[in-house]
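Report on the structure given below.
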There are 4 protein chains.
Amino acid sequence: MSPRTSQQNEAQRAQTRKLILEVALQAFAEKGYASASMSYIAKEAGISKGLSYHYFKNKEDLLIGIFEMLAGMADGLESAWEGKRPAEKLALAVEMTFNILQEQPQMVRFMTALAIQPEVTDNLKQHIEAQKLINIKVYQEIFKELEYANPELEAYAFGALLDGVALGCLALGADYPLDKMKQIILSKYHL
Amino acid sequence: MSPRTSQQNEAQRAQTRKLILEVALQAFAEKGYASASMSYIAKEAGISKGLSYHYFKNKEDLLIGIFEMLAGMADGLESAWEGKRPAEKLALAVEMTFNILQEQPQMVRFMTALAIQPEVTDNLKQHIEAQKLINIKVYQEIFKELEYANPELEAYAFGALLDGVALGCLALGADYPLDKMKQIILSKYHL
Amino acid sequence: MSPRTSQQNEAQRAQTRKLILEVALQAFAEKGYASASMSYIAKEAGISKGLSYHYFKNKEDLLIGIFEMLAGMADGLESAWEGKRPAEKLALAVEMTFNILQEQPQMVRFMTALAIQPEVTDNLKQHIEAQKLINIKVYQEIFKELEYANPELEAYAFGALLDGVALGCLALGADYPLDKMKQIILSKYHL
Amino acid sequence: MSPRTSQQNEAQRAQTRKLILEVALQAFAEKGYASASMSYIAKEAGISKGLSYHYFKNKEDLLIGIFEMLAGMADGLESAWEGKRPAEKLALAVEMTFNILQEQPQMVRFMTALAIQPEVTDNLKQHIEAQKLINIKVYQEIFKELEYANPELEAYAFGALLDGVALGCLALGADYPLDKMKQIILSKYHL
DNA sequence: TATGAATGAGAATTCATTCAT
DNA sequence: GATGAATGAATTCTCATTCAT
């Protein structure tokens, strides 16, 4: 009956917030942003509608929250690159892309839809563009180390290839030859 | 005195139908299928809400109408391939992709979003998948003629690369180095 | 190519008008007044929407037209009574009610719905009430001739019994024991 | 500080639900199912359009809700029959019919219209038929106890007579000789 | 912090009716 | 007389958001 300490409160808050974000990501990816209702998300998360509005001031805020969560995850992954040789880094980028495509297709669908659809806030739009450019920069660095003639364009092309695989996979689902595509891409870049 | 001739009616119908389709394509591409309301489309087309339903029995029917219109356009383009050598065909595929990307980005945005968006009917979904697979088959044929080791996977990879460029271009807009990408792709395939 | 004579025109008009009325009666009875659209009626009648409005200035006018048509039919039937003995008249009333119930259930449904539903114009309402009262008067006359103690109430009761059978038949459809009900009613009134 | 107790919520819900049901019954009876709009019902109930959909998932669900409410009321009345002699039961059936006709004409109008109207779902239609048949069975039991020659048909005839009175009363309103009809019916069945 | 009843704006869709031809 | 394209108001229904408790 004693009041929770503020630490416990904080932890509880963070956990609920994360739960909402995950449920919402799932819902947005499955049904689309417009078609996934706040009621549905709250129900799926097992909380009341009103409570969601304690954590996110509106639906768009929730969208941004998801985006930030995903961006944070990507950041975390970068540490895995440290100390690797360039070819290994490139191979790792391929691996990671295909992994995420297989394990979290909803997340990929969400991000891709976000990137294309203009129903999204300008604010979020800029986040997305920035993210995409950062990715390109990273690839560019690698291609420079690998002494490709035109690292920047190679980076764009490499990114495009991976994006295109993702697109095809999202559109065709299980029919898409994911594994074989990984092989051919690795071999195309001599990895 | 006399009723309109059926010819006049037919012409009127065709014209209004086309107007609605074009406005709707624009609207769906700009705002997304779920967020572009029938009211908005009607207003943009300068007609009454009710009239749209005279031409398309519901929103999904309108979506299908657009899809068929675009598919029809694509069919027309195929005749340009006749009698070309394989390398020329491949170059033409690249050219066409980049052309359409520059001249009709809305159309590309629409088709891409359609392929990803879960808000779309299974019916249309299957059309889209079929369309995508047809494309792959065409590329595959070319790579076979060019005696690539694995024509099918090469076709997938080629398609992915072009799709990825489209995706990047849609996301980054004018910042995307479209022209240079065309060059690097052409050179990658020795065209 | 000579213009139709006004007689021919007149005949044509009358025929088309009748066609519309019959189709509309069917439609109203099947779907209900509110749910049977003018478009549907026009299509069923094989004419254009616009043309129906040449014959009936609006939907309610069409409703009134049907009512008048049905009232006219009832009038025609009355001549069959002439010169009959009271018991025969009563038996005839029963026969006619059951006949119409079997052969034109739609018509009965329509009139019954009209009598109950207040979404109907006051104007039409009064017609219906008048019609019902006329019926009662006729029955009352018969019961007076048959020397029943209270001809007026007997008339109401007799009408109620027939109405109730109609109601049950409309509600239960083929499950309703129509034939047996005719027998028991006839025997109840010693006919 | 604390959320409403579930008891408070429950009470509130029950009250609002009942309000909507009563207003809707009134509206459907007055205007007919198709013509009484959800907007109208909400306005009459003094609540927002949206709230009705919080309680009933659609218009038909509301209709079913009313039907169940009325069926529930009827159930309650049955206990009054216990331990009565057959003649008393029959008299009670007449009494109850006339009572309800005088005190709740809207309810009768609603149920009668429902039985006839084609705008009603098959689902509800079956409920109605079942209800009607149950009634007949009850009457049949009584006539069997009273040793009538053909209890089943007598039950149908008795039901038809009461239904017919209701119909006449609904159509003619205050002009209908309700009280006298009760007397003549009671005397016809020696009650 | 937590609930869910309540709101109101807006979406899809239908339909009686008009009118240029 | 005849057509059906066109209109616009009304209808059913959804949903983001607020708020009393």
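By convention in this document, chain letters (A, B, ...) are assigned in the order of the sequence lines, proteins followed by strands, and residues within each chain are numbered from 1.
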Rounding to a whole Å, what distance do you find between C/Lys49:NZ and E/dA16:C1'? 9 Å
With a 3.5 angstrom cut-off on both distances, give the Watson-Crick or G-U wobble partner of E/dT21, or none if there isn't one. F/dA2
Got a donor-acceptor contact below 3.5 angstrom from the A/Arg109 side chain to the B/Ile116 backbone? yes
Base, sugar-phosphate, or nothing: which does A/Tyr55 touch, judged by heavy atoms less than 4.0 Å apart? sugar-phosphate
Side chain of B/Ser48 (C-beta onward), nearest among E/dA6, F/dG8, E/dT13: F/dG8
Just N and O in the side chain of A/Tyr53: are any of them under 4.0 Å from OP1 or OP2 of F/dT17? yes
With both distances under 3.5 Å as the test, what is the Watson-Crick or G-U wobble partner of E/dC15? F/dG8
Is a side-chain donor or acceptor of C/Lys43 paired with a backbone partner of C/Met38 at a separation under 3.5 angstrom? no
Please determine if a side-chain N or O atom of D/Arg13 lies less than 4.0 Å away from the OP1 or OP2 oxygen of E/dA5. yes
Calculate the interatomic distance between A/Lys59 atom NZ and F/dT18 atom P; express it in whole Å. 15 Å
Are any of the side-chain heavy atoms of A/Tyr40 and A/Lys49 separated by less than 4.5 Å? no
Specify the residue among D/Thr16 and A/Thr16 whose closest nucleotide of DNA chain E lies further upstream toward the 5′ end. A/Thr16
In terms of the nearest nucleotide of DNA chain F, which residue is placed more toward the 5' end: C/His54 or D/Leu51? C/His54
On DNA chain E, nearest-nucleotide positions of C/Ala36 versus B/Asn58: which is more 5'? B/Asn58
